[in-house]
Amino acid sequence: MSTVIPIRAEKSTGCTDVIPLIERGQREVFCGLTGIIWLHRKIQDAFFLVVGSRTCAHLIQSAAGVMIFAEPRFGTAIIDERDLAGLADVHDELDRVVNQLLNRRPDIKMLFLVGSCPSEVIKLDLSRAAERLNQIHHPDVRVLNYSGSGIETTFTQGEDACLAALVPALPKADASAPKQLMVVGTLADVVEDQMRSLLEKMGISLCFFPPRKSHDLPAVGANTRFLLAQPFLADTAKALQDRQAQYLPAPFPLGLEGTTAWLQEAASEFGVSPQVFEQVTAGPRQRTEKALAVHRQMLQGKSIFFFPDSQLEIPLARFLHREMNMQLVEVGTPYLHRQHMAKELAWLPAGTRISEGQDVDLQLDRCLKDKPDMVVCGLGLANPLEAQGITTKWAIELVFTPIQGYEQAADLAGLFSRPLKRREKLAA
Ligand code: SF4
């Protein structure tokens, strides 16, 4: 079924066949523990117990801030010198900590043991620990494990590892169950509510993964069709496909075009008529177009350089180029997943410099030579670049802020236009 939607017709296949500049050097990224910050807010009765060092505890504590009015839902079991020297049985220690935690906190219904660099270095088998603890605490508490280590990973992979670990726990959907849409990836509740409302108005039955409560795990099976809401979920997607769910290839729901095409993919799969699609999306599309116009004035013609960090870089570059008329200098991504990025790549202008992986010194040289108006990068690079007179945007902010969907498109554009406006004011 074809539907008329305001997406520009393509004359070329953009960057579909791009050969990226592949770099494998020093990287400047956060580790996967960072994902706990948004995951613990989403799954409201889960607890994330990092099995790591004091460094891991500091990272997570300073990134998430202290929860003053609520009981914390993440913590660190510190591996100390005695454990590292093999003088203590780490498994016994871990069992003791977990028992203590669960006795004190009956509100915890799902416990993630989160691996770290230190736990991987001492080869602590957390899957064995999770299995053992599950035998003791299930069904009151489900115990799972995943790795948030920073060894060869980037910070959004923590969510991918967490969700992939959760997929085997999803109930099996009845073979006779009607087709259902699963939206995969952590979204702010406000975004989730808007997407639910739009899709339900089209008559599509849907669920979200991860759920807000651990007892609401959605069923999965051959009748499940899933859309990715985040571009960094390669392992989760594969785990769902292994459970017979079918992936719907779509661009990501960033900006007016991305959101429309993302919804359109679901609408086509579920046989929604063009009239119904138009009826449901016309109002939000008009509002979004109007709201984006304000930011376009500030952003158009400006150049932007992406360092590889969040894995959101390619969809963001597509939005900023196609909807905000920005010039792409370099689009760096930690990993290029060609299948999940196929529609996004086709929408990037042919000839865009795409880099995969990082060699930070070489990339900084290129960036300083190119002198872009704006750079998207990790926190460690932002200050030195600002000192060189380049406006920066922290990549991590784009993961913490609700940016998906129609109503958030202008907020997304604002994240880029505001720093440029500020620099202009300071220069005036
Ligand atoms: S997991 Fe590794 S990279 Fe992350 S805070 Fe701990 S030691 Fe550092």
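Heavy atoms only: backbone and side chains are in, while hydrogens, waters and symmetry mates are out.
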Inset, instruction - Determine, stepwise, if the pair R225 / F270 fulfils side chain to side chain contact (heavy atoms under 4.5 Å, CB included). - result: CA-CA 9 Å; R225 305 288 180 271; F270 285 77; 4.2 Å; yes
Inset, instruction - Take atom CD of E386 as the centre, draw a 6.0 Å sphere, and report whether it contains more than 12 heavy atoms from other residues, nucleotides or ligands. - result: yes
Legend entry - Donor-acceptor pair between H137 and N99 side chains, under 3.5 angstrom: yes
Legend entry - Flag side-chain contact, heavy atom, 4.5 Å: V375 against T391: no
Inset, instruction - Report, as yes or no, whether the 6.0 Å neighbourhood of atom CD on E131 holds more than 12 heavy atoms from other residues, nucleotides or ligands. - result: no
Inset, instruction - Start with the C-alpha gap between H340 and Y247, add the side-chain angles, then the distance that decides, and say whether ring-ring contact (aromatic ring centres under 6.0 Å, His included) holds. - result: CA-CA 9 Å; H340 293 168; Y247 165 64; 4.9 Å; yes
Legend entry - Sidechain-backbone polar pair: R243 side chain, L170 backbone, donor-acceptor under 3.5 Å: yes
Inset, instruction - Could you please spell out the steps behind the side chain to side chain contact (heavy atoms under 4.5 Å, CB included) verdict for F74 and L49? - result: CA-CA 6 Å; F74 56 83; L49 183 65; over 6 Å; no
Inset, instruction - Ignoring hydrogens and angles, state whether a donor on the side chain of Q363 or E330 is under 3.5 Å from an acceptor on the partner side chain. - result: yes
Inset, instruction - May I ask you to check whether over 12 heavy atoms, not counting those of R422, lie within 6.0 Å of atom CZ? - result: no
Inset, instruction - Determine yes or no for a side-chain-to-main-chain donor-acceptor pair under 3.5 angstrom, with T392 supplying the side chain and V376 the backbone. - result: no
Inset, instruction - Scan side-chain atoms only and decide if R418 and H295 contain a donor-acceptor pair under the 3.5 Å cut-off. - result: no
Inset, instruction - Find out whether the Lys NZ or Arg CZ of K393 is both under 6.0 angstrom from the six-membered ring centre of F416 and within 45° of the ring's axis. - result: no
Inset, instruction - Compare every heavy atom of S149 with every heavy atom of I151, then report the nearest pair and how far apart it is. - result: N-OG, 2.9 Å
Inset, instruction - Look at atom CZ of F30 and say whether more than 12 heavy atoms of other residues, nucleotides or ligands are closer to it than 6.0 Å. - result: no
Legend entry - Heavy-atom check, side chain of F252 versus side chain of M341, under 4.5 Å: yes
Legend entry - Step-by-step side chain to side chain donor-acceptor pair (under 3.5 Å) determination, T281 to Y406: CA-CA 9 Å; T281 61; Y406 289 127; 4.6 Å; no
Inset, instruction - Check the side chains of T236 and D160 for a donor-acceptor pair under 3.5 angstrom, ignoring hydrogens and angles. - result: yes
Inset, instruction - Verify the distance criterion only: is there a donor paired with an acceptor across the side chains of E120 and S147 at less than 3.5 Å? - result: yes
Inset, instruction - Grab the two heavy atoms, one from A46 and one from F112, that are nearest each other, plus how far apart they are. - result: CB-CE1, 4.2 Å
Legend entry - Close aromatic pair by centroid cut-off 6.0 Å: F48 and H40: no
Inset, instruction - Step through the shown structure and confirm whether more than 12 heavy atoms of other residues, nucleotides or ligands are within 6.0 Å of CZ on R338. - result: yes
Legend entry - Working for salt bridge (Lys or Arg N to Asp or Glu O under 4.0 Å), residues E278 and R285: CA-CA 10 Å; E278 177 63 24; R285 282 193 340 244; 3.3 Å; yes
Inset, instruction - Carefully, step by step, assess Q264 and S268 under the rule side chain to side chain donor-acceptor pair (under 3.5 Å). - result: CA-CA 6 Å; Q264 176 65 71; S268 301; 3.0 Å; yes
Legend entry - Test item: R142 side-chain N/O and H215 main-chain N/O as donor-acceptor pair under 3.5 Å: no
Legend entry - Salt bridge present between R423 and D373 (N-O < 4.0 angstrom): no
Legend entry - side chain to side chain contact (heavy atoms under 4.5 Å, CB included) between F47 and K109, worked out: CA-CA 8 Å; F47 192 97; K109 299 296 173 211; over 6 Å; no
Inset, instruction - Would you confirm whether D309, through its side chain, and G378, through its main-chain N or O, come within 3.5 Å as a donor-acceptor pair? - result: yes
Inset, instruction - Give a yes-or-no answer on whether the side chains of Y335 and T154 include a donor-acceptor pair shorter than 3.5 Å. - result: no
Inset, instruction - Give a yes or no on this: more than 12 heavy atoms of other residues, nucleotides or ligands lie within 6.0 Å of atom CD1 of I19. - result: no
Legend entry - T224 versus Q180, side-chain donor and acceptor atoms under 3.5 Å: no
Inset, instruction - Using the salt bridge (Lys or Arg N to Asp or Glu O under 4.0 Å) rule, take E23 and R366 through it: C-alpha gap first, then chi angles, then the decisive distance, then the call. - result: CA-CA 13 Å; E23 297 197 319; R366 289 199 298 277; 2.8 Å; yes
Inset, instruction - Can you establish whether the number of heavy atoms outside W394 located under 6.0 Å from its atom CH2 is more than 12? - result: no
Inset, instruction - Kindly indicate, with the supporting measurements, whether the criterion salt bridge (Lys or Arg N to Asp or Glu O under 4.0 Å) is fulfilled by R132 and D95. - result: CA-CA 9 Å; R132 185 180 63 245; D95 287 8; 2.7 Å; yes
Inset, instruction - Say whether Q404 and Q194, considering side chains only, have a donor N or O and an acceptor N or O under 3.5 Å apart. - result: no
